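Since this is a predicted model, take the numbers as computed values, not measurements. Proteins come first, then strands; the chains are lettered A, B, ... in the order of their sequence lines, and each starts at number 1.
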2 protein chains.
Amino acid sequence: MESKTNFRRKGRATIIDVGRVAGVSDATVSRALNKPDTVSEATRQRIDAAIIETGYVPNPVAKAMVSGRTYTVGALVPTLDHAIFSKFLNALEAELSTNGYGLVVAVTKGDPLREVEKAKKLLSMGVEGLIVSGLSHNEELVAQARRSTIPLVATSYFQPDSHIPAVGYDNETAAVLAAEHLIALGHEKIAVVHGPIRDNDRTRSRVRALKALPQPVTFFYHESSLDYAGGREAVENLPPEVTAILCLSDVLAMGALFKLQDLGVKVPDQLSVMGFDNMAASEFTSPTLTTIKLPITEMGTRTARAICEHLNTGTPIESEELQSTVVVRQSTASPSR
Amino acid sequence: MESKTNFRRKGRATIIDVGRVAGVSDATVSRALNKPDTVSEATRQRIDAAIIETGYVPNPVAKAMVSGRTYTVGALVPTLDHAIFSKFLNALEAELSTNGYGLVVAVTKGDPLREVEKAKKLLSMGVEGLIVSGLSHNEELVAQARRSTIPLVATSYFQPDSHIPAVGYDNETAAVLAAEHLIALGHEKIAVVHGPIRDNDRTRSRVRALKALPQPVTFFYHESSLDYAGGREAVENLPPEVTAILCLSDVLAMGALFKLQDLGVKVPDQLSVMGFDNMAASEFTSPTLTTIKLPITEMGTRTARAICEHLNTGTPIESEELQSTVVVRQSTASPSR
DNA sequence: TCGACTCATGTAGACGTCTACATGGCTGGT
DNA sequence: ACCAGCCATGTAGACGTCTACATGAGTCGA
């Protein structure tokens, strides 16, 4: 943060320079640029020539200064290096872009403190809206956003009584949906593999929902790292009596599946494996993976739309619940006797 | 009719409002904020109180206006929904962030026209640097960047004679590396599966390098979509005489691998499969996937570092070549017989 | 007690663009 | 030939923050 050298602003031409060359005032140049029909043909041509001669490029910051708009939205995500978030951002960016907004991305690494810090950074960069993942956030983040009067939207999580508007799915329902699929197949002893509970309210509420389920079935919970290795490791420590593994992420499920292939365990004949996410690879593995399809792309699109509409018209942002569905594929079946 | 509007315009307090409440001028407030030791203790306290009372939040755009800096860098990528780009952006964001810069992301969908359009958008948002994927770009993009005097850096691709600085790996070398691994194992008929050639100079140069290879071996080229389905489809149309499949992307390789598992073809006993990328899943599949490890994370870090250094000190950005390496795992072996 | 000096603060732009209003020349209808 | 009205353009801020310089009050040493 030392060297604040201003070599940056090497004499870039301004509309005043253009005006000087064209023999008009800056106001006329501005008009020629923004409302060409209010400027005479001859003048317009001289201005066009002057723009080329001077190499004029508009200064976006000055524009933003007078319009009070930056047409920029910020998104805070735990990581970019995970399909679910990049898929979300991909859809988000697409919809923001068609509405004329740009996307600034900041990575929190799942750390609430870093989240606050990054949020401040985004605000100090002039974003007009802030998108976060999940519902539980540092007080300071919410306070900052409120102070700046910029809208805050939560994603990945829908809960009717949230104090900030949220566009997402109900994690509890989705988890129950998954469990019910396995239960309907006749499984009664099910291993539940999930990533770290800490600082992840999505995982937390999925687990909570399962624990609240009436108990004709027994769940064996296993927390591991949220990656392929975690899935593999879960299989290595599998309680012998389970007939199915419910992984609360497709990455975990695939890690488990690969390990089972290695061990020569037949899926689903000897053991059912179920995922959560519906990652791109899930419909191609062998066997293909039964999973919960989360409305990630739709979530990105809807979030962007809600924000843009709010920024354009002032409409308040309303929470939206999107539906998850079970995608039945080959990796689950009734337990063998 | 004295207008003493304490809270004006968009209702956001300015430094002047703060000054009015604290009974000082805007200059003093500015100093209290930026050089606290040049303001008397008493005044500082009154200003702090006034800031809270007015709910003052600094206006980033005005700051950018006077400093001429936005501390923002833009990146153009074909998609976010692909591990390789999100991994790159993840590393890029991390390093930019530690240098105090923010990252604006724009998606081109591999379309050169859209790329130009998005580049303009980024420039009109005030980014101080522009990062693109690959070396071949619409003339207009390069011209725009030059006119705006903002630095342009290419990634994913290193070529000594490039006219724009590039931080990346040599795709030709990497492709040859892969082929040499298979050739060293004794393969002579190799299927090469790659994604669309059009608008993707990385794929194009990998294929070109293979085609230029001296010919004790025969390559059978197959272009398919750059996803799991593409890998699967390639297996379905496999020339019977090949003993190995070289996929120019791990996604393709995994698609192929899964299909082969389905067909009951033993990898690598009956057929070797080699990937390209070293995606996270590759070391967990069964068999684990031999692949080319591309320096994606390092590329993100180095790119960010080069840009930041340039913006901070004016050092010109120099091209950097990063090395790819072969990662030998289980999916390749000498051909049987 | 006076001048030199320091310190805290105010004043007046500047940054680049936009826009409400002013100006002055021209047209055309009567 | 006169005035209304219009057209093309200029003038003068405004946006919010920063900073070089000016100002005035207080301090200190001789």
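Along DNA chain C, the nucleotide nearest Ala62(A) and the nucleotide nearest Ala42(B) are compared for position; the residue whose nucleotide lies closer to the 5' end is Ala42(B).
Glu41(A) places its CD atom 16 Å from the C1' atom of dT9(D), with the value rounded to the nearest Å. For Met65(A) and dC15(C), the CE to P distance is 15 Å, given to the nearest whole Å. One interatomic measurement links the two molecules: CZ of Arg69(B) to P of dT17(D), which rounds to 20 Å at whole-angstrom precision. Atom pair Ile16(B):CD1 and dT11(C):P shows a separation of 12 Å (rounding to whole Å applied). Whole-Å rounding puts the Arg20(B) CZ to dG10(C) P distance at 14 Å. Atom CZ of Arg31(A) is separated from atom P of dC18(C) by 11 Å (rounded to the nearest Å). Regarding Lys63(B), its NZ atom lies at a distance of 5 Å from the P atom of dC18(D), rounded to whole Å. In this structure, CG of Asp26(A) is placed 14 Å from C1' of dA14(C), rounded to the nearest angstrom.
Nearest heavy atom pair, residue Pro58(B) against residue Arg12(B), reads O-NH2, 3.4 Å. When every heavy atom of Leu76(B) is checked against every heavy atom of Ser133(B), the shortest pair comes out as O-OG, 3.4 Å.
Listed candidates were dC18(C), dT17(D), dT9(C). Nearest to the side chain of Thr43(B) is dT9(C). Here the nucleotide nearest the side chain of Ser40(B), chosen from dT17(C), dC18(D), dT9(C), is dT9(C). Among the nucleotides dG16(C), dC15(C), dT11(D), the one closest to the side chain of Ala27(A) is dT11(D).
One finds a side-chain N or O of Thr28(B) lying less than 4.0 angstrom from the OP1 or OP2 phosphate oxygen of dG10(C). For Asn59(B) and dC15(D), the shortest distance from a side-chain N or O to OP1 or OP2 is not below 4.0 Å. OP1 or OP2 of dT17(D) has not a single side-chain nitrogen or oxygen of Asn34(B) nearer than 4.0 Å.
Contact annotation for Val39(B): backbone-only contact, meaning every heavy-atom pair under 4.0 Å involves sugar-phosphate atoms and none involves a base. Among the heavy atoms of the strands lying under 4.0 Å from Gly23(B) are primed sugar atoms or P, OP1, OP2 only; no base atom is included. Base engagement by Ser30(A) is indicated by at least one non-hydrogen atom pair under 4.0 Å involving a base atom. Using a 4.0 Å heavy-atom distance criterion, Val24(B) is classed as a sugar-phosphate-only contact. When heavy atoms are screened at a 4.0 angstrom cut-off, Ser25(B) is found touching base atoms of the nucleic acid.
Using a cut-off of 4.0 Å between Lys/Arg side-chain N and Asp/Glu carboxylate O, Arg114(B) and Glu117(B) are scored as not salt-bridged. Electrostatic pairing of Glu320(B) and Arg305(B) does not count as a salt bridge here, judged by no charged N lying under 4.0 Å from a carboxylate O.
Residues Leu322(A) and Phe158(A) fail the side-chain proximity criterion, which asks for heavy atoms closer than 4.5 Å.
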